[in-house]
Amino acid sequence: MEDPAAPGSGNPPANGYGNGNGGGKGKPAAPKGRETFRSQRRESEGSVDCPTLEFEYGDTDGHAAELSELYSYTEHPEFTTNRRCFEEDFKTQVQGKEWLELEEDAQKAYVMGLLDRLEVVSRERRLKVARAVLYLAQGTFGECDSEVDVLHWSRYNCFLLYQMGTFSAFLELLHMEIDNSQACSSALRKPAISIADSTELRVLLSVMYLMVENIRLERETDSYGWRTARETFRTELSFSMHNEEPFALLLFSMVTKFCSGLAPHFPIKKVLLLLWKVVMFTLGGFEQLQALKVQKREELGLPPLAEDSIQVVKSMRAASPPSYTLDLGESQLAPPPSKLRGRRGSRRQLLTKQDSLDIYNERDLFKTEEPATEEEEESAGDGERTLDGELDLLEQDPLVPPPPSQAPLSAERVAFPKGLPWTPKVRQKDIEHFLEMSRNKFIGFTLGQDTDTLVGLPRPIHESVKTLKQAFWPKRLRHATCRILVPQPGIEPVPPALGARRLNHWTAREVPPLALWLKHKYISIADVQIKNEEELEKCPMSLGEEVVPETPCEILYQGMLYSLPQYMIALLKILLAAAPTSKAKTDSINILADVLPEEMPITVLQSMKLGIDVNRHKEIIVKSISALLLLLLKHFKLNHIYQFEYVSQHLVFANCIPLILKFFNQNILSYITAKNSISVLDYPCCTIQDLPELTTESLEAGDNNQFCWRNLFSCINLLRLLNKLTKWKHSRTMMLVVFKSAPILKRALKVKQAMLQLYVLKLLKIQTKYLGRQWRKSNMKTMSAIYQKVRHRMNDDWAYGNDIDARPWDFQAEECTLRANIEAFNSRRYDRPQDSEFSPVDNCLQSVLGQRLDLPEDFHYSYELWLEREVFSQPICWEELLQNH
């Protein structure tokens, strides 16, 4: 994949990304080229002083924001239509009262009447009743005075609608609309599809989304009846009810039908939002996922997790982006390059070094307080002298002193803790690799996977292996004032060498004492699952049939299994169409069917409003797909590693890696700070206040938020997705190198958000060994940031490039081996033919001989010939037969 430098991106040509040794090193650039480059940098890189983004990562945005994203601004007139349909129907059934004035029994009776009136032949009458139900789900805003009241009554009405069976009734109507061939053929014949072609589907999906989102939300003030209804609803969505497939599979089928072109009128944004929320509701969000992981590790007998990665990242500070000069023209004020070496003292007073990508604003633990050596100063001077010739300015130091507000850096250095933020982890493979190298060096042969035999190895090797295997006490669990944890009866006592320590936030009831003695060696759930799978493959008869628990995740995977490639391709097609870097093509799918009005805008104001709506529409689609794919991968990985690998392989085969890189090949800071929203048109604000007159200035101003939550959420999800696909996969890591991802990812470091920077640095870390020495030399600040932010592993020579696993000829074999293991897993667990080779066999001689065998009619004609040929003419060596038995 090429790495085009988009206009205004301010990025150097692709050939300047790799090593930063542009032509004319040490020679001043032409004034015209310098001015051009400076103007480009001012346009898009002017965000050097970008403040830290106060972003809290979670499952979803705020409740009101998640509800508002369901509707496009083109749908705003339909709020009035829904209200009118409800009021017309309500007046015929209830006289002299409003909905909020009715008792609960009267409200239930009215809802039952609405459901009865849904079962009519006329589509128009059915649509009016469905709109009345939608008005209830939207919170009967005509009778409310504030946005809080609208959200409260929307949630109350959704619980009431569910208890009366509304979701099941709308599910039947959804099946009817999906199978409506007349609507599909009508949409196919139209040259341009608009929002009017999906009216019925949008109403049905809106009601179902509001019910799922409102019931999914848990609050402490919920009554016992609401909590019971929530669990019942989750069960109905998770499992097959009445011989029907799970609801998520129905939505997946809608996605594939839309992408195949058979149903171009489907409101795909609403389908994807509903699918994402259903998967989150049934399988669980990130907090539930962490709890499931802790529970599963306990069931497998593994030690508890030492940390929650999301919580660790929340405690990190955002790093400063790579520094720039404020103006390249000021470089003329600096002395000539030939005089820099002789003026180190004065230069050190003029130039202030900034630890640009420093997490804690602290010195490295392993650096001494001694002054820099001459070689270090000369290397720093070389980088500054060649400023005009360097194309990659991301790693240059400022040529002007920082403003006075940045002066007291020493106080900040004292305020933050030293040390790396992550608990060390050592895999079994790392220990085997360490011992293999040691045995080859000192003995001359290896012992395979044996990690216990240390004969012939020096004493330091013994100590190293002992350190890796021995227990240690986590510093974060120490506290001087907490009571001593007493071991429970029946549990092995605390090792005497460690003594009686004091704990904070731990009790004997919650965690067994031995679980607190953490080890450097980390055994993942995936390792246990792979080992169990190997045992089942080797001994299928002795181990018997595997008992697979019927969890929601397992049921979803079984339903998706045979159509999973189509599902992944469909999601990536939509993601490609919604990416801001995608160009309009004739063969691309149309994802704007549920946002374009029947009549196109004729004024500038209407065009601006529609443009904002279209961009917002695409952003919401990217948000839902990225969150959906990440949730699926994480839950499948926890359920079984080969389920995760199966989904990952199909994503890779469908070019997910270059697609995500193409998404990030833009000005990410501009994308994250985009203001594609009109606050007065957002639900529920638009239902309470009178719509003010929109002007061009108000549309351009947007909201007052520092950044767009959904866009930053999408970027982090896509980076996490890319990490999931490439982690421990050298072949996929090489794809990052081949597609020139390093400069694309480096541009994302300009966003001052700790979580996003962490996953960018992870992706850079796994490929630095392939980028060459010159790239590492010219990107030392990025290398320093990787060291300080990313977890390190034993034998982790990411900064050098002598990894024994980095052999290119093994890449294809690695993927083929993984694919064979996945196919064996799916075949063993899910393909169970009746005539299996492991079916029971009758070995009793009497019962076998006593069975009646149907012989062909002509058998008695050739019976004697068969005896002569097969029995009598065959020599039998009785002595050998007796000896063998």
Side-chain angles (χ1 to χ4, degrees), residues 63-64 67-102 106-118 120 122-162 164 166 169-170 173 195-196 198-211 213-214 267 270 594-595 597-598 613 678-694:
H63 184 53
L67 295 182
S68 68
E69 290 179 350
L70 176 65
Y71 311 102
S72 62
Y73 297 146
T74 313
E75 295 179 271
H76 182 264
E78 296 189 6
F79 285 105
T80 306
T81 307
N82 299 337
R83 178 179 178 180
R84 186 179 65 253
C85 291
F86 171 81
E87 291 176 349
E88 290 176 356
D89 185 88
F90 190 75
K91 289 178 181 178
T92 60
Q93 304 298 323
V94 181
Q95 301 295 331
K97 286 188 177 181
E98 293 184 343
W99 170 260
L100 301 185
E101 298 175 353
L102 295 180
Q107 291 175 341
K108 291 182 178 179
Y110 176 72
V111 172
M112 286 298 295
L114 279 178
L115 298 181
D116 291 338
R117 289 187 288 279
L118 270 178
V120 293
S122 174
R123 288 174 59 88
E124 294 182 1
R125 292 176 57 189
R126 195 164 61 230
L127 178 60
K128 288 184 177 181
V129 177
R131 285 191 178 279
V133 177
L134 177 57
Y135 176 73
L136 286 175
Q138 289 171 343
T140 55
F141 48 82
E143 305 175 25
C144 298
D145 299 326
S146 65
E147 298 178 18
V148 177
D149 292 341
V150 174
L151 295 177
H152 168 76
W153 286 108
S154 174
R155 195 159 181 265
Y156 172 85
N157 292 341
C158 284
F159 272 100
L160 181 65
L161 291 172
Y162 170 71
M164 303 311 296
T166 307
F170 272 66
L173 294 177
I195 197 172
S198 59
T199 303
E200 291 82 1
L201 278 170
R202 285 187 294 104
V203 171
L204 297 177
L205 291 171
S206 296
V207 171
M208 301 173 90
Y209 177 86
L210 289 171
M211 292 180 67
E213 180 63 17
N214 280 306
K270 287 181 168 56
D594 52 337
V595 71
E598 289 187 88
D613 203 5
I678 308 173
S679 56
V680 294
L681 295 181
D682 285 335
Y683 173 88
C685 177
C686 63
T687 62
I688 297 298
Q689 302 176 1
D690 294 333
L691 182 63
E693 182 180 358
L694 295 178

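For reference, positions follow the sequence shown, starting with 1. Since the model is a prediction, treat every value here as computed from it, not as a measurement. The figures here come from the full heavy-atom set of this structure, side chains too, leaving out hydrogens, waters and symmetry mates.
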What one should report as the nearest heavy-atom pair of C144 and I688 is O-CD1, 3.9 Å

For E87, what residues pass the side-chain contact (heavy atoms from CB on, under 4.5 Å) criterion, not counting sequence neighbours? R83

Contacts of A196 that satisfy side-chain contact (heavy atoms from CB on, under 4.5 Å) - sequence neighbours left out: S194, E598

Interatomic distance, NZ@K128 vs CG@N82, rounded to 0.5 Å, equals 13.0 Å

Distance col, row T166:OG1 vs M112:CE, nearest 0.5 angstrom, shows 9.0 Å

Any side-chain heavy atom of V680 within less than 4.5 Å of one from L694? yes

State the CG-CZ distance between L160 and R155, to the nearest 0.5 angstrom. 13.5 Å

Please report the interatomic distance SG(C85) to CZ(R125), rounded to the nearest 0.5 Å. 13.0 Å

Which residues satisfy the salt bridge (Lys or Arg N to Asp or Glu O under 4.0 Å) test with R126, sequence neighbours excluded? none

Could you list all the salt bridge (Lys or Arg N to Asp or Glu O under 4.0 Å) pairs where at least one residue sits in residues 198-209, not counting sequence neighbours? E75-R202, E78-R202, R123-E200

Are the side chains of L151 and L67 in contact, using a 4.5 Å heavy-atom criterion? yes

We want to know whether S198 and D594 form a side-chain donor-acceptor pair, criterion being a heavy-atom distance below 3.5 angstrom. no

Which atom names give the shortest non-hydrogen contact between L161 and M211, and what distance separates them? C-CE, 4.1 Å

Roughly how far, to the nearest 0.5 Å, is the CG atom of L127 from the OG1 atom of T199? 7.0 Å

A side-chain contact here means heavy atoms from C-beta on lying under 4.5 Å apart; do F159 and Y162 qualify? no

Judged by atom type as modelled, is there a donor-acceptor pair below 3.5 Å linking the side chain of E143 to the main-chain atoms of L100? yes

Mind checking salt bridge (Lys or Arg N to Asp or Glu O under 4.0 Å) for D89 and listing every partner two or more places apart, or none if nothing turns up? R117

Closest non-hydrogen atom pair, Y73 against I678: OH-N, 2.8 Å

Reported CD-to-CG distance for the pair E69 and D682, which is rounded to 0.5 angstrom: 8.5 Å

K108: salt bridge (Lys or Arg N to Asp or Glu O under 4.0 Å) partners, not counting sequence neighbours: E104

Go through the structure and list residues passing side chain to side chain donor-acceptor pair (under 3.5 Å) with S146, not counting sequence neighbours. D149

For E88, side-chain contact (heavy atoms from CB on, under 4.5 Å) partners two or more places apart: R84

Sequence neighbours excluded and cut-off under 3.5 Å, please list the side-chain donor-acceptor pairs for residues 134-142, or say none.
{"residue": "Y135", "atom": "OH", "partner": "G142", "partner atom": "N", "Å": "3.0"}
{"residue": "Q138", "atom": "NE2", "partner": "Y71", "partner atom": "OH", "Å": "3.3"}

Can you find a pair of side-chain heavy atoms, one from V595 and one from I195, that are under 4.5 Å apart? no

Does W99 form a side-chain contact (heavy atoms from CB on, under 4.5 Å) with V94? I'd like the steps, not just the answer. CA-CA 9 Å; W99 170 260; V94 181; over 6 Å; no

Any residue meeting ring pair (Phe, Tyr, Trp, His ring centres under 6.0 Å) with F90, in chain and number order, not counting sequence neighbours: F86, Y110

Please name all residues satisfying side chain to side chain donor-acceptor pair (under 3.5 Å) with S154, sequence neighbours left out, ordered by chain then number. N214

Just to verify, what does E147 make a salt bridge (Lys or Arg N to Asp or Glu O under 4.0 Å) with, not counting sequence neighbours? none

